[in-house]
Protein chains: 2
Amino acid sequence: MRMSKGVEWTVHCCTLLAALPEGTNMPAARLAEFHAVPAPYLTKHLQALARAGILDSDSGPRGGFRLARPAPEITVLEVVEAIDGREPAFTCTEIRRRGPAGGLAASEYRKPCGIHALMDSADEAWRSELAATSIGDLALYVAATASPKAIGRAAAWFQQISVRESKTS
Amino acid sequence: MRMSKGVEWTVHCCTLLAALPEGTNMPAARLAEFHAVPAPYLTKHLQALARAGILDSDSGPRGGFRLARPAPEITVLEVVEAIDGREPAFTCTEIRRRGPAGGLAASEYRKPCGIHALMDSADEAWRSELAATSIGDLALYVAATASPKAIGRAAAWFQQISVRESKTS
DNA sequence: GTCCCTATACTCGGATAGCAAGTGTCCGAGTATAGGCGG
DNA sequence: CCGCCTATACTCGGACACTTGCTATCCGAGTATAGGGAC
């Protein structure tokens, strides 16, 4: 059971977007550059987030991605489900109905499969934990715990891409 | 993020083995027959459980698998980890250290990555839920909730394989 | 000088190859058993 | 009749193809901008 790499990338991207000023957007190429990940593949995942209603996207020059809602209203679970799928990891194939002891009428299996119920319960606990934290929480955590040097470098890079844009105009 | 089918199969197998009389074992072929799953592939997974110390195996005629410990002392988490691996689904690649804002000394990243911490927390909640239920609990649940007809069929099949064995002798 | 038009360059969006891991299968090594043989 | 030996058949154990889904990439459609020209 392995989670897609895209989850880590997109959650980091959302956290960065949450730190941007209101109404500001950032193209996928810049997001990829900041996180040192392959740009085309990251774009694919960001599109999935746009489809899920987590990001809004603008085309053309000065275009890019931005959070569709305030960061505190976006849970990490939403991002994970947008990338990794909404269906639970465990899929019950109703083994108990098969084989020599199975084959009975559906009415004989009214109680849920015990293993299925347990797996669903564990899955629910997992999702509950991810739903309790928002992108806004993560952004605050980063702002509070990141070293001043790292924040300084991020700010410097952010200014650099601003002058890089104004140079073309 | 999809869990291996082998998890469902082996948990069902362990539950069945828990229902067997003390000291009784069952070969992989019978377990596969009862659950209507491919025997060779199930064998592969049962071997993983034997390696993990969950099952004991006997070779030769009258051989087979049996629980290595009392069913209440075997948690579902053990079975899941034996099949699906012990490492967490999410792997942090320390994205924050890469890119234009990264590249600082390791001492600048003493606080753990927020996303990493959250994912570990969710993973812990998931594992905790699976560790709270034992194979013995599942066996009791099945015995309490399965329909009398299903239990009757299982008993009939169990008797049938017994006479099938005695027929050869 | 102001407005409009056109060409441009940059953005997202979906469709397309490559690869790793899970899925499914097979055959060989080892062992308790069952029958036959000798005492 | 009893004990031993041998051959057997059945079991687990690890090594070998195949398929699905994640990984990585590219090119095309759409749009706001910037410059030039006309009024």
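These figures come from a predicted structure and were not determined experimentally. Within every chain, numbering begins at 1; the chains are lettered A, B, ... in the order of the sequence lines, protein sequences first and strands thereafter.
Here B/Arg69 pairs with B/Glu78 under the salt bridge (charged side-chain N to carboxylate O under 4.0 Å, His left out) rule; sequence neighbours left out. For A/Ala18, the side-chain contact (heavy atoms from CB on, under 4.5 Å) partners are A/Leu67, A/Ala71, A/Ile135, A/Ala139, not counting sequence neighbours. For B/Tyr41, the side-chain hydrogen bond (donor to acceptor under 3.5 Å, both in side chains) criterion is met by B/His45, not counting sequence neighbours.
Place A/Pro61 and A/Arg51 on DNA chain C by their nearest nucleotides, and A/Pro61 ends up nearer the 5' end.
Listed by first then second residue, pairs satisfying salt bridge (charged side-chain N to carboxylate O under 4.0 Å, His left out) with a partner in residues 5-18 of chain A number zero, not counting sequence neighbours. Residue pairs meeting the salt bridge (charged side-chain N to carboxylate O under 4.0 Å, His left out) criterion with at least one member in residues 122-142 of chain B, sequence neighbours excluded, are B/Glu81-B/Arg127, B/Asp123-B/Arg127.
Between B/Asp58 atom CG and D/dG13 atom C1' there is a gap of 14 Å when expressed in whole angstrom units. For A/Glu33 and C/dC10, the CD to P distance is 15 Å, given to the nearest whole Å. Per the geometry, CD belonging to A/Gln47 stands 14 Å off P belonging to C/dT11, to the nearest Å. Put simply, CG on B/Leu31 is 11 Å from P on D/dT11, counting in whole angstrom units. Rounding to whole angstrom units, CG of residue B/Leu49 and P of D/dG14 are separated by 14 Å. B/Asn25 places its CG atom 12 Å from the P atom of C/dA32, with the value rounded to the nearest Å. Residue A/Ile83 contributes atom CD1, which lies 18 Å from atom P of D/dG21 at whole-angstrom precision. Between the CG atom of B/Leu46 and the P atom of D/dT11 there is a distance of 13 Å, rounded to whole Å.
The closest side-chain heavy-atom distance from B/Ser57 to B/Leu46 is not below 4.5 Å.
OP1 or OP2 of D/dG13 has at least one side-chain nitrogen or oxygen of B/Ser57 nearer than 4.0 Å.
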Contact state string [nucleotides 22-27 of chain D, B base, S sugar-phosphate only, - no protein heavy atom under 4.0 Å]: -BBBB-

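One hydrophobic cluster holds both A/Ile83 and A/Trp9 under the rule that ILVMFWY side chains link at heavy-atom gaps under 4.5 Å.
Contact annotation for A/Ala29: no contact, since no heavy-atom pair falls under 4.0 Å across all strands.
Proximity note for B/Ser59 (side chain, C-beta onward) versus D/dA32, C/dT33, D/dT11: the nearest is D/dT11.
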